[in-house]
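Just below is one structure, and these are the notes that go with it.
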Amino acid sequence: MTTEPVGDVVHLRAGGTSVVVQLSDARLPRVLHWGEDLGTLSDADLTTIAAAAMPGIGDSSVTYPQPVPVLAQVPEGWLGRPGIVADRDGTQWAARFLVASAFTAETAEARTLTVRAVDEPYGLELEIELEVLHASGLVRQRAVLRNREPAPLRVGAIELALPVPQAADEVMDLTGRWSLERVPQRRAFDVGEWVRTSRGGKPGLEHTTLVLAGERGFGFRSGRVWATHLAWSGNQTLGAERTPADTRRLVASEMLVPGEVVLGRDDEYATPWQYGSWGDGLDELAARFHRHLRASAGAPRSPRPVILNTWEAVYFEHDPATLVALAERGAAAGVERFVVDDGWFVGRRDDTTSLGDWTIDPERWPAGLAPLADRVRELGMDFGLWFEPEMVNLDSDLAREHPDWLFDAGHGAGLPSRYQHVLDLGHPEAESYVLEAMSALVKELGIAYIKWDHNRYLLDAGHSPSGRPGFREQTLAAYRIMDELHRRHPGLEIESCASGGGRIDLGVLARTQRVWPSDCNDPHERAEIQRWTGLLVPPEYQGTHIGAEHSHTTHRQHPLSYRGEKALWGNLGVELNLLAEDERTRADVAAWIAFHKRHRELLHGGVSVHADLAEPAARLDGVVAADGSEALFALSLTERPRTWPLGRIALPGLDDARRHRVRVVAPDGAEPLSGAQPAWVVDGVELPGRVLRAVGLEMPALDPDRSVILHIESCDA
Ligand code: DGJ
């Protein structure tokens, strides 16, 4: 790493992104520009940019010197959301940091700026790191606060912000609930604060994942848009703030409850990384997160194995012979990883008991799980196992033996949810118990994959006996366990499940190789959930399963052709009871798996694209090879379209200069289309990429909740 001292204005360029930061007057860093690569700029240019960014001072009462630092300070005149909330028993509550030193550095991963600041009268030090990442062009920043005085410092929040320009006129975020996660909502970026807070000890099913602001009407393919995300799996706040002086910012912070962080002398508090992405359209913005994860140290390096998960096949009905037979059926269909879900541990017959007792049930599994795991490997698959490590049922040996390991803020164990409570990993013995129990099973059974569930929110999560808040420590302990499992068992993969979609963030994704986006396998819902989860998570990290014909969560009914198509794109899985399916269905499932494997490299290495269509019921989603030479698209209808015929649909993302052949493909041989179809649908069509993008093709006729797959290959010699 080479470090360089800096002048008053710094230009960080990496991965197609420029960030211009002002540091003059010993004030904390101010981002003057974040987005488009500005090319090489001289020192004189940078000075001029800074001068030109200074507004005239009017006669209003808003005195805050513009622009606003990434950590805004009240004593400087800031009347918006505070960058720091901290006090010493009611005094020294208005910290004001002045920059003492700053340097830039070039690392393998990023172009970085580090700023050290002090508040001498308060005895505080602050370090801010701001980075632009080479692989992705993502921006990220974090702060570390240090107390140098003996008197304890109570920290309420450190909130970092990235500014967006006035062109960002519309705010978007996501909401949802169990089995309907990641539903987008939009509003004008008016003066005020639009804030989304997760308080349940995990981001949650309704978590927004990103808060975005962009040009009015921004879509997937156009409209400049910026987004923020917090790489943290616990309580947090993400928001968009516009002040009366028209400062527009995207903010992110860990949400701390009173007394959660109290710094003694020389103690420090480090914020999670706040990430920022931008793009011309959501696809470009999302592609930065995808490139980031694909380049990360924990990224899976092998083709994503096709999974069979036992949950919706057998639920708690575990019986060795049945699961062996299911594994055999799975292997015959082309499954590569067999995952035993909830129900394998001692006494677990339903969801009322046994969480925390991580030993194999001797009644149901008299010979243990090893014979099943061995048979699974014999069949050419690897073996995965479900855990819910942070949870405990009161009806369990663990709760009976260690009642003090349950969270208790002073009113006992609190409300159950799904009959369960939360194990307080703030007890080192509890953390070590969970780690050792899991690690022993990983070793004994040769587990390749852990499905890590987390079904209950943390409510009054007090560490017993003190009752002090335990949210932050719980997240850090979960990270430690995951990290240690990876260290002890190289190659082990972990899925972040959390009721489906409850813990999806770059903090956990640094330690997990897959997320379960939703418990809903209904393709109608999944299409949307996967699309919006995809703003952060690339397809290969998303578990996408072929569920039963009658959805277990919505009770809608869909043919395999539609279920297969919606599961095709991610880390494909099967969550069907293959023992109850007829031969024809099993053969069709095998055909979907074979098709997925044939195109896996494209599906999991390409660029995700989504068309912006005028017809609200139509979706065109796909993946295009990095060089634009090959693509797979699915055209779907979510309901009956308002326009009929659908009209021409342009195919985005292809290499303009090449000629491409477009064909309708049906992996399971099912007749995908009925009725009169445009002529090209039967024999395919060959056209330059430019024409496919700018002119498009008349799209095939479809019924609602049906889709058709288009395979596009470059046909240049
Ligand atoms: C919730 C998960 O999201 C499901 O996939 C399944 O693992 C159940 N828990 C098991 O209890």
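Indexing begins at 1, ligand by ligand and atom by atom, following the structure's order. Reckoned from all heavy atoms, side chains included, excluding hydrogens, waters and symmetry mates.
- Judged by the 6.0 Å distance and 45° axis criteria, Arg511 is positioned over the aromatic ring of Tyr479.
- The salt bridge (charged side-chain N to carboxylate O under 4.0 Å, His left out) pairs that include a residue from residues 442-460 are Asp341-Lys451, where partners are two or more places apart or lie in different chains.
- The aromatic rings of Phe316 and Trp311 sit perpendicular, their planes meeting at an angle over 60°, well past the 30° parallel limit.
- For Arg182, there are no salt bridge (Lys or Arg N to Asp or Glu O under 4.0 Å) partners two or more places apart in sequence or in a different chain.
- Near ligand 1, Trp311, Asp341, Asp342, Trp386, Arg418, Lys451, Asp453, Asn455, Cys497, Ser499, Gly500, Trp516, Asp519 each place a heavy atom less than 4.0 angstrom from the ligand.
- Residues satisfying the side chain to side chain contact (heavy atoms under 4.5 Å, CB included) test with Ser608, not counting sequence neighbours, are His290, Pro539, His610.
- For the pair Arg526 and Trp516, the cation-pi test (distance below 6.0 Å, angle within 45°) is passed.
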